[in-house]
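To find a chain, count down the sequence lines: A is the first, B the second, and so on, and within it residues start at 1.
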Protein chains: 2
Amino acid sequence: MTDIGLKRLEFSLDAKSGVPYYKQIILQVEMAIADRRLGQGDQLPTVRSLAVDLQINPNTVARAYNELEIRGIVTTQQGTGTFISDKQIELDHVKREQMLTEITRAFITKANSYGFTIDELIDYLQEIGPEYER
Amino acid sequence: MTDIGLKRLEFSLDAKSGVPYYKQIILQVEMAIADRRLGQGDQLPTVRSLAVDLQINPNTVARAYNELEIRGIVTTQQGTGTFISDKQIELDHVKREQMLTEITRAFITKANSYGFTIDELIDYLQEIGPEYER
DNA sequence: ATTATTGTACTAATGGTTTAGTACAATAGG
DNA sequence: CCTATTGTACTAAACCATTAGTACAATAAT
């Protein structure tokens with residue numbers, strides 16, 4: 001197996017967390033993108049290799065990758081692998097807008113029910129924003 | 001049954017949505033709080049009456065109310081009813097801060113994986129903020 | 001072409017979630 | 001007290017989500 005330039009990603013599963021394995025994988029990919037350990041074009045571990053690594057069934061990894069693909073976050077090609085896609089190209093403007101609306105409203109509603117105001121949310125975002133800067 | 005001042009709340013369930021009934025109830029309460037149809041001290045429909053209304057089992061309503069109580073959003077008293085609690089009092093400052101961190105980070109991570117930057121999120125929040133103003 | 005590598009399909013087992021049935025317990029109010 | 005009203009406990013059935021087992025299919029590399 002030749003090294004095709006996979007970034008060193010440390011996946012790990014917590015069996016006791018109650019979070020399904022495939023969701024843990026999705027989360028870890030999302031987080032890796034968020035803090036730039038992964039970027040456009042980067043290859044994810046193959047379904048098999050990650051399955052062996054984590055000692056789970058290949059289908060479980062495949063399921064995670066599938067959901068990521070449905071969301072437009074990765075692209076998979078049989079025989080080649082799974083890669084981080086370029087969302088600015090993959091998602092058109094309208095869908096991007098819809099997505100932004102959807103996740104933001106869910107966030108506001110939840111925060112609101114805990115008594116947080118929009119202003120508090122904005123303040124906090126501005127405060128911790130630098131940690132996520134690109 | 002005397003009218004004890006229940007606000008007119010229109011609960012409704014979508015059986016086909018795939019979202020469990022009890023979660024739909026929780027969401028509708030959260031949304032009602034978010035846009036001020038419900039506020040501190042307001043009474044929710046009784047477990048029984050809402051169950052009859054929605055044609056589901058009382059335990060399903062009770063479960064929704066229980067989760068809301070665990071989250072500190074409502075207070076229930078047997079024989080009396082279930083009421084919106086005052087979260088600024090119920091949640092201490094530390095827990096409030098933890099909650100803010102938790103839900104905000106989840107929001108950022110998800111948004112980020114879709115290619116949204118913090119600045120976009122802040123802009124959008126400021127844009128739609130007025131709709132949620134108290 | 002042949003082989004190794006990649007993802008995929010289909011099935012079944014397990015286990016947890018969700019809901020309802022039924023009966024109970026606590027409080028309020030006369 | 002007594003009764004109506006409120007939430008609760010316990011059980012079981014149905015459902016669905018998750019994972020693994022196993023075999024297959026598509027592509028790449030030689």
Letter per nucleotide, 5' to 3', of nucleotides 21-30 of chain C [B base touched, S only sugar-phosphate touched, - untouched; heavy atoms, 4.0 Å]: BB-BBBBS--

Side-chain N,O (B:Thr82) to OP1/OP2 (D:dG7) below 4.0 Å: yes

ring-ring contact (aromatic ring centres under 6.0 Å, His included) partners of A:Tyr22, counting only residues at least two apart: none

Salt bridge A:Glu120-B:Arg96, side-chain N to carboxylate O under 4.0 Å: yes

For atom CZ of A:Phe83 and atom C1' of C:dT5, their distance in whole Å: 12 Å

Between C1' of C:dT5 and OH of A:Tyr65, the distance in whole Å: 15 Å

Any residue meeting side-chain hydrogen bond (donor to acceptor under 3.5 Å, both in side chains) with B:Gln77, in chain and number order, not counting sequence neighbours: none

Counterpart residues, side chain to side chain contact (heavy atoms under 4.5 Å, CB included), relative to B:Asp119 (two or more places apart): B:Thr117

Partners meeting side chain to side chain contact (heavy atoms under 4.5 Å, CB included) with B:Leu54 (sequence neighbours left out): B:Phe11, B:Leu13, B:Ile25, B:Leu50, B:Ile56

Side chain to side chain contact (heavy atoms under 4.5 Å, CB included) partners of A:Val19, counting only residues at least two apart: A:Ser17, A:Lys23, A:Gln24

Check residues 123-130 of chain B and write down every donor-acceptor pair under 3.5 Å in which the side-chain atom is one partner and the other belongs to a residue at least two apart or another chain.
unit_1	atom_1	unit_2	atom_2	d
B:Tyr124	OH	A:Thr101	OG1	2.8

Residues which pass side-chain hydrogen bond (donor to acceptor under 3.5 Å, both in side chains) with B:Thr76, listed by chain and number, not counting sequence neighbours: B:Glu69

Salt bridge (charged side-chain N to carboxylate O under 4.0 Å, His left out) against A:Arg48, all qualifying residues, sequence neighbours excluded: none

Rounded distance in Å - CD (B:Gln55) to P (C:dT19): 15 Å

Atom pair distance, as rounded to whole Å: CG in B:Asn66 and P in C:dT19: 14 Å

Results of side chain to side chain contact (heavy atoms under 4.5 Å, CB included) for A:Ala32 - residues two or more places apart only: A:Leu9, A:Arg37, A:Leu38

B:Glu102/B:Lys95 salt bridge by N-O under 4.0 Å criterion: no

Rounded distance in Å - CG (B:Leu44) to P (D:dT5): 19 Å

Nucleotide nearest B:Ile56 when distance is taken to its side chain, options D:dG7, C:dT6, C:dA20: C:dA20

For atom NZ of B:Lys16 and atom P of D:dC15, their distance in whole Å: 18 Å

Under-3.5 Å N/O pairs linking protein and nucleotides 16-18 of chain D:
unit_1	atom_1	unit_2	atom_2	d
D:dT18	OP2	A:Tyr22	OH	2.6
D:dT18	OP2	A:Arg63	NH2	3.0

Angle by which the axis turns from one end of the helix from C:dA1-D:dT30 to C:dG30-D:dC1 to the other, five pairs per end, to 10 degrees: 30°

